Amino acid sequence: MRRKIPPISALLCFEAAARSGSFAQGARAMNLSQSAFSRQIQGLEAQTGQTLFKRERQRVQLTGAGEMLLQELAPKLEALEATFYRLRTRDNPYGALNIGTYPTLGSRWLMPRLAELAQAQPRLTVNTITYLDNAQVDASLVDLAIVQGDPPWPGFRADLLMPETLVAVAAPGLLEAPLQEAVRLLDHPALQHTTRPLSWQIWFGDLGETLPAQPTGPLFSQFEMLIDAVKYGHGVAILPELLVRRELDEGTLIQAHPHRCTPASAYYLLTPQAKTGTSRIERVRAWLLEQTPAP
């Protein structure tokens, strides 16, 4: 069955005129004569049965129907352009790709590894896109994404990247030595991350104890700020060990209790289903899956 869709050339001319507010500028952008450009617009108006532009001297202005068409059409043209870009570059092992990650994980775990990747594959350009929670992961923007949580991940191929170990940490000025009684940690403010409200409960549960009460300490939306708050003595926090490995090694943070908790949820490497099989994405995916946190 033949689809009742106007020619793509007419749609592109419409968008050019709508963006510039001028048939003359739109014609130049499309490399057409002004008369040929106008015929494209007239044909589109005839096919839709709508007047799309109000002609005002040397300028044009969208009608209500034109505004509606632009709002619906523009993202579809952008998506179509992206599709053909991916198609052209599908089997090219080089070029650019976007990796999504959380800000602190990106700077502390991913960035050093991307430096190694750049040396191993210098003809590859890797861009990073950050998000604060998993709901912000956009398959149209990322080629690969690192997330923490539990599968399934609809619309993505998911590979286990690495487990996560949670530890209780504090500034050495707040605690002189690790506490042996976990409940004593709550003598200090229990700092929390906004997207990880159950971290204290998970850590206590893994220890075989019941969290006496839900922590009411300050909330932080980014791990970097939460780590700084702990370093400055604002309280104790349950944090992923890989994010504070540097501070623990340097002694700017100490492990506030000996228990280390490895919950079932872990870090996963996601590939949008529509992008699987793309040469450079598969190469970087395989490379990242070989990487593990420093012991």
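Excluded from the calculations below are hydrogen atoms, water molecules and symmetry mates; all remaining heavy atoms, backbone and side chain alike, are included. These numbers were taken from a predicted model, which means no experiment stands behind them.
Using a 4.5 Å heavy-atom cutoff, the side chains of T63 and Q50 are not in contact. Counting only heavy atoms from C-beta outward, the side chains of H234 and L191 approach each other to under 4.5 Å. Counting heavy atoms from C-beta outward, I146 and L105 have side chains that approach closer than 4.5 Å. Contact of the P263 side chain with the D206 side chain is not registered, since no non-hydrogen atoms from C-beta on lie closer than 4.5 Å. Using a 4.5 Å heavy-atom cutoff, the side chains of P178 and H257 are not in contact. Considering only heavy atoms from C-beta on, T51 comes within 4.5 Å of E45 through its side chain. The shortest distance between side-chain heavy atoms of L161 and W109 falls below 4.5 Å. Residues T128 and L114 form a side-chain contact, since some pair of their non-hydrogen atoms from C-beta on lies under 4.5 Å apart.
With hydrogens and angles ignored, the 3.5 Å screen pairs no side-chain donor or acceptor of Y102 with any backbone N or O of N134. In this structure, E56 contributes its side chain and R59 its backbone to no donor-acceptor pair below 3.5 Å. Of the possible donor and acceptor atoms, one in the side chain of S33 sits under 3.5 Å from a partner among the backbone N and O of A36. Panel note: side chain Q291, backbone W287; a donor-acceptor pair is recorded below 3.5 Å. Not one N or O on the side chain of E247 forms a donor-acceptor pair closer than 3.5 Å with the backbone of K231. Within the 3.5 Å criterion, the main-chain N or O of F53 finds a donor-acceptor partner in the side chain of R55. For E250 (side chain) and T252 (main-chain N/O), no donor-acceptor pair under 3.5 Å exists by modelled atom type. A distance-only check finds no donor-acceptor pair linking the side chain of N98 to the backbone of D143 [under 3.5 Å]. In this structure, the side chain of H193 engages the main chain of S221 through a donor-acceptor pair within 3.5 Å.
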Problem - Criterion side-chain contact (heavy atoms from CB on, under 4.5 Å) on F223 and R196, from CA distance to verdict - result: CA-CA 10 Å; F223 274 116; R196 301 285 198 93; 4.0 Å; yes
Practice task
Take I227 and L243 through the test side-chain contact (heavy atoms from CB on, under 4.5 Å) and record every step on the way to the result.
Solution key: CA-CA 9 Å; I227 293 168; L243 297 185; 4.3 Å; yes
Exercise for the section: Could you go through the side-chain contact (heavy atoms from CB on, under 4.5 Å) check for L73 and L11 one step at a time? Expected result: CA-CA 8 Å; L73 179 64; L11 297 175; 4.1 Å; yes
Problem - side-chain contact (heavy atoms from CB on, under 4.5 Å) between I99 and V142, worked out - result: CA-CA 6 Å; I99 298 181; V142 299; over 6 Å; no
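Side-chain heavy atoms closer than 4.5 Å link hydrophobic residues (I, L, V, M, F, W, Y) into clusters, and following such links, possibly through other members, connects L12 to L80. When the side chains of ILVMFWY residues are joined at heavy-atom separations under 4.5 Å, either directly or via intervening members, L269 and M111 end up in a single hydrophobic cluster. Grouping the Ile, Leu, Val, Met, Phe, Trp and Tyr side chains by contacts below 4.5 angstrom, directly or via other members, places M68 apart from L70. Under the 4.5 Å side-chain contact rule for hydrophobic residues, L44 and L77 share a cluster. L219 and Y232 fall into different hydrophobic clusters, where Ile, Leu, Val, Met, Phe, Trp and Tyr are joined by side-chain heavy atoms under 4.5 Å apart, directly or via other members.
Shortest non-hydrogen contact noted between P215 and A190 is CB-CB, 3.5 Å. Across all their heavy atoms, A74 and R19 have their closest contact at CB-NH2, 3.1 Å. Residues F23 and S38 come closest through the heavy atom pair CD2-OG, 3.8 Å. Nearest heavy atoms, P197 versus T194: CD-O, 3.7 Å. Taking each heavy atom of V230 and G235 in turn, the nearest pair found is CG1-O, 3.7 Å. Considering all non-hydrogen atoms of both residues, E72 and K76 come closest at O-NZ, 3.3 Å.
In this structure, the salt bridge (Lys or Arg N to Asp or Glu O under 4.0 Å) partners of D187, at least two apart in sequence or on a different chain, are R184.
Rounding to the nearest 0.5 Å gives a distance of 7.5 Å between CZ of R157 and CD of Q273. Separation of atoms OG (S9) and CG (L32) is listed at 8.0 Å; rounding is to 0.5 Å. Taking CD from Q42 and CG from L52, the interatomic distance works out to 11.5 Å, rounded to the nearest 0.5 Å. Note that OG1 of T195 is 11.0 Å distant from CD of Q192, once rounded to the nearest 0.5 Å. From L288, atom CG reaches atom CG of L117 across 7.0 Å, with rounding to the nearest 0.5 Å. Rounded to the nearest 0.5 Å, atoms CG (L62) and CG (L69) are 8.5 Å apart.
Sorted by first and then second residue, the pairs that involve residues 208-225 and meet salt bridge (charged side-chain N to carboxylate O under 4.0 Å, His left out), not counting sequence neighbours, are R108-E224.
Looking only at atom types and distance, the side chain of S20 has no donor-acceptor partner in the side chain of S22 under 3.5 Å away. Between the side chains of Q121 and R283, at least one donor N or O lies within less than 3.5 Å of an accepting N or O. Using modelled atom types and a 3.5 Å distance limit, the side chains of E164 and S265 yield no donor-acceptor pair.
With salt bridges taken as basic N to acidic carboxylate O contacts below 4.0 Å, none links K275 and E282.
Around atom CE of M30, more than 12 heavy atoms belonging to other residues, nucleotides or ligands sit under 6.0 Å away.
With side-chain heavy atoms closer than 4.5 Å counting as contact, directly or through intermediates, the hydrophobic cluster containing W200 also holds L166, L174, L175, L179, L185, L186, L198, I202, W203, F204, L207, L211, V236, I238, I254.
Screening T276, D159, T278 for a side-chain hydrogen bond (donor to acceptor under 3.5 Å, both in side chains) involving R285 leaves a single residue, D159.
Below 30°, between 30° and 60°, or above 60°: for W153 and Y268 the angle between ring planes is between 30° and 60°, a tilted geometry.
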